[in-house]
Amino acid sequence: MKNQNVVVPDAKQGIDITIAMALSKSLFSPVVPKPLPAAPGGYFTITRKRFTKKTETGGKINSWVDSMRDSSPSRVKSTTPLSETEDKNSWIVNHPSALNMFEQIVNRSKGKQIVMFLDYDGTLSPIVEDPDRAFMTSEMREALRDVARHFPTAIVTGRCRDKVHSFVRLTGLYYAGSHGMDIKGPSKNSCKYKKGYQGVFFQPASEFLPMIDEVYNVMLERTKSIPGAKVENNKFCVSVHFRCVEEKMWAKLVEQVRSILNDYPKLRLTQGRKVLEIRPTIKWDKGKALEFLLESLGYANSTDALPVYIGDDRTDEDAFKVLRNRGQGLGILVSKVPKETNASYSLQEPTEVKDFLRRLVEWKRSSLQGPCRV
Ligand SMILES: O=P(O)(O)OC[C@H]1O[C@H](O[C@H]2O[C@H](CO)[C@@H](O)[C@H](O)[C@H]2O)[C@H](O)[C@@H](O)[C@@H]1O
């Protein structure tokens, strides 16, 4: 065993690394983030100790495989046994539909600048089997384009930034790829949000690039014998998809990932929707990316902004948590089923996200026109 704590990063060290890298890598970013508080990671992470013990004692690998079955945040657990309908009812009371609560939401934005943060997969595009074909509808693109015309807007995704850009195909937005480890703002000319804007570019994990490339190639090789497994190079992280892998092969897949982690102690493992993600141990996630972007926009500690974050995945919980802890802004979880979440509102699926975005634009347009005059 080379390393004992691959998955749970040393928070203090992570912050130091992040800041040191921000300062030392001569990034073209005009914005260097202040040290951020070490919030607990919101990932589903498996400590190396637990992972190893269970796999090496044989047979216990099932517990890991069990967790793979439930790739999204776990369903709400209650101490009082509730029927499924009651469970769903109480959840929806606590996480009402953002469409039904639209008036309340825009009322909260009075006198504030709404800043939109949107996850990609499962939020702007429906979940599909082939990650390379997770396209947005043209209606969604239109709604997103209109939103970005009226509000500062960022796409925050686990995907490689270039890939998500090729799906979204819109300028004038911030793109935060690789779970926020690759942030690029709009070009100077296409940015309408900030006076004197000089561009934003931030890659807190840049030193991991060669390692991630290596791991991607090794992982490709090691998963060749597992039908349906797909390995995706997301630049600062590697995704190992098991959506199309037969369940009986999951244990083998986990073994392959585990052997990689043994060889690369500076990497950790997290889990998304039917996907295992190998990423650097630095303390950086979608929540940190959200804070960084708010700061870049000039809303670091400001009460003048209302950040709205919409996402469907476990990794989006880091951003929901940041909003909850700041007591500012609102998180909207995209889900058809009750899930444990730090979000305050819900939407069922990407089509509802599109409706919400459209309503925001309509509301903004009508508020710009002001009251009707006769
Ligand atoms: O942060 P996100 O934008 O939600 O990205 C997270 C991962 O999304 C993609 O995988 C997921 O969507 C695929 C297409 O619908 C689906 O086939 C897969 O099962 C999902 O996990 C993407 O391919 C990953 O690289 C992202 O990390």
Side-chain angles (χ1 to χ4, degrees), residues 42-45 67-73 116-137 140 144 153-168 173-183 205 212 215-216 219-220 223 228-247 250 253 257 267-280 284-290 293 309-320 331-336 339 341 343 347 349-351 353:
Y43 307 110
F44 179 83
T45 53
S67 78
M68 287 161 77
R69 284 199 194 97
D70 182 18
S71 297
S72 306
M116 289 301 300
F117 295 90
L118 295 146
D119 165 58
Y120 184 76
D121 289 279
T123 297
L124 293 175
S125 71
I127 293 294
V128 292
E129 278 195 356
D130 182 357
D132 293 334
R133 303 195 58 79
F135 305 121
M136 273 166 67
T137 62
M140 181 65 96
L144 184 57
T153 301
I155 308 293
V156 187
T157 176
R159 284 190 183 260
C160 162
R161 178 166 53 78
D162 288 345
K163 178 86 156 272
V164 84
H165 193 275
S166 75
F167 282 156
V168 174
L173 284 76
Y174 288 81
Y175 287 89
S178 310
H179 295 291
M181 288 180 281
D182 188 9
I183 301 181
I212 292 291
V215 165
Y216 169 67
M219 212 58 227
L220 268 185
T223 52
K230 187 173 169 73
V231 185
E232 201 181 356
N233 187 340
N234 282 329
K235 193 162 180 169
F236 294 105
C237 40
V238 174
S239 293
V240 183
H241 293 273
F242 57 93
R243 184 170 294 278
C244 298
V245 175
E246 272 191 66
E247 210 170 309
W250 288 5
L253 188 67
V257 177
L267 300 179
R268 64 186 170 126
L269 185 62
T270 62
Q271 188 182 327
R273 294 178 72 164
K274 306 276 187 202
V275 67
L276 301 173
E277 306 201 88
I278 301 167
R279 51 160 101 182
W284 196 265
D285 54 36
K286 288 181 171 185
K288 296 278 189 282
L290 181 149
L293 286 165
Y309 189 105
I310 312 183
D312 72 312
D313 200 352
R314 219 183 265 278
T315 60
D316 298 308
E317 291 296 326
D318 294 316
F320 295 148
I332 303 176
L333 176 72
V334 184
S335 178
K336 282 190 168 169
K339 286 175 184 173
T341 182
L347 287 168
E349 53 195 347
T351 51
V353 174

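Nothing here was measured: the structure is a model prediction, and the numbers come from that model. All ligand and atom numbering here is 1-based and tracks the order in the structure. Note: hydrogens, waters and symmetry copies are ignored here, and every other heavy atom, side chains too, is used.
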With a 4.0 Å cut-off on heavy atoms, is P126 touching ligand 1? yes
Between the side chain of N233 and the main-chain N/O of K235, is any donor-acceptor distance below 3.5 Å? yes
Give me the nearest non-hydrogen protein atom to atom 21 (O) of ligand 1 as residue plus atom name, then the distance to 0.1 Å. R273 O, 2.4 Å
Heavy-atom contacts with E232 under 4.0 Å: which atoms of ligand 1 show up? List them by number with element. 22 (C), 23 (O), 24 (C), 25 (O)
Show which atoms of ligand 1 fall inside a sub-4.0 Å distance from at least one heavy-atom site of Y120. 3 (O)
Run the salt bridge (charged side-chain N to carboxylate O under 4.0 Å, His left out) check on K163 and D132 step by step: do they pass? CA-CA 9 Å; K163 178 86 156 272; D132 293 334; 2.9 Å; yes
Atom 10 (O) of ligand 1 - nearest protein heavy atom and its distance: H241 CE1, 3.4 Å
Quick note on ligand 1: atoms under 4.0 Å from a heavy atom of K286 include exactly 1 (O), 2 (P)
heavy-atom search around atom 19 (O) of ligand 1 in the protein gives R243 NE, 2.6 Å
Which heavy atom of the protein is the closest neighbour of atom 15 (O) of ligand 1, given with residue, atom name and distance? V128 N, 2.8 Å
side-chain contact (heavy atoms from CB on, under 4.5 Å) between K286 and D119: does it pass, once the steps are laid out? CA-CA 9 Å; K286 288 181 171 185; D119 165 58; 3.1 Å; yes
Atoms of ligand 1 close to E129 [distance to a heavy atom under 4.0 angstrom, numbered from 1]: 17 (O)
Which of the numbered atoms in ligand 1 are under 4.0 angstrom from any heavy atom belonging to V275? 21 (O)
Among protein heavy atoms, which sits nearest to atom 7 (C) of ligand 1, and what does the distance come to when rounded to 0.1 Å? D121 OD2, 4.1 Å
Quick one: nearest non-hydrogen protein atom to atom 6 (C) of ligand 1, plus distance? D313 OD2, 4.0 Å
Counting from 1, what ligand 1 atoms have a heavy atom of S239 closer than 4.0 Å? 24 (C), 25 (O), 27 (O)
For the pair Y309 and F320, name the ring-plane relationship: parallel under 30°, tilted 30 to 60°, perpendicular over 60°. perpendicular
Could you identify the single nearest non-hydrogen protein atom to atom 2 (P) of ligand 1 and state the distance to 0.1 Å? D119 OD1, 2.8 Å
Does an N or O anywhere in T315 fall below 3.5 Å from an N or O of ligand 1? no
Checking contacts here: is it the side chain or the backbone of E277 that comes within 4.0 Å of ligand 1, counting heavy atoms only? Could be both or neither. side chain
Flag G158 as yes when one of its N or O atoms lies below 3.5 Å from any N or O atom of ligand 1, and as no otherwise. yes
Would you mind running through ligand 1 and noting each atom that sits below 4.0 Å from a heavy atom of T157? 1 (O), 2 (P), 3 (O), 5 (O)
Once you restrict to heavy atoms under 4.0 Å, what part of T123 touches ligand 1? Side chain, backbone, both or neither. neither
Heavy-atom gap K163 to ligand 1 smaller than 4.0 Å: no
Within a distance under 4.0 Å of any heavy atom of R159, pick out the atoms of ligand 1 and give their elements. 9 (C), 14 (C), 22 (C), 23 (O)
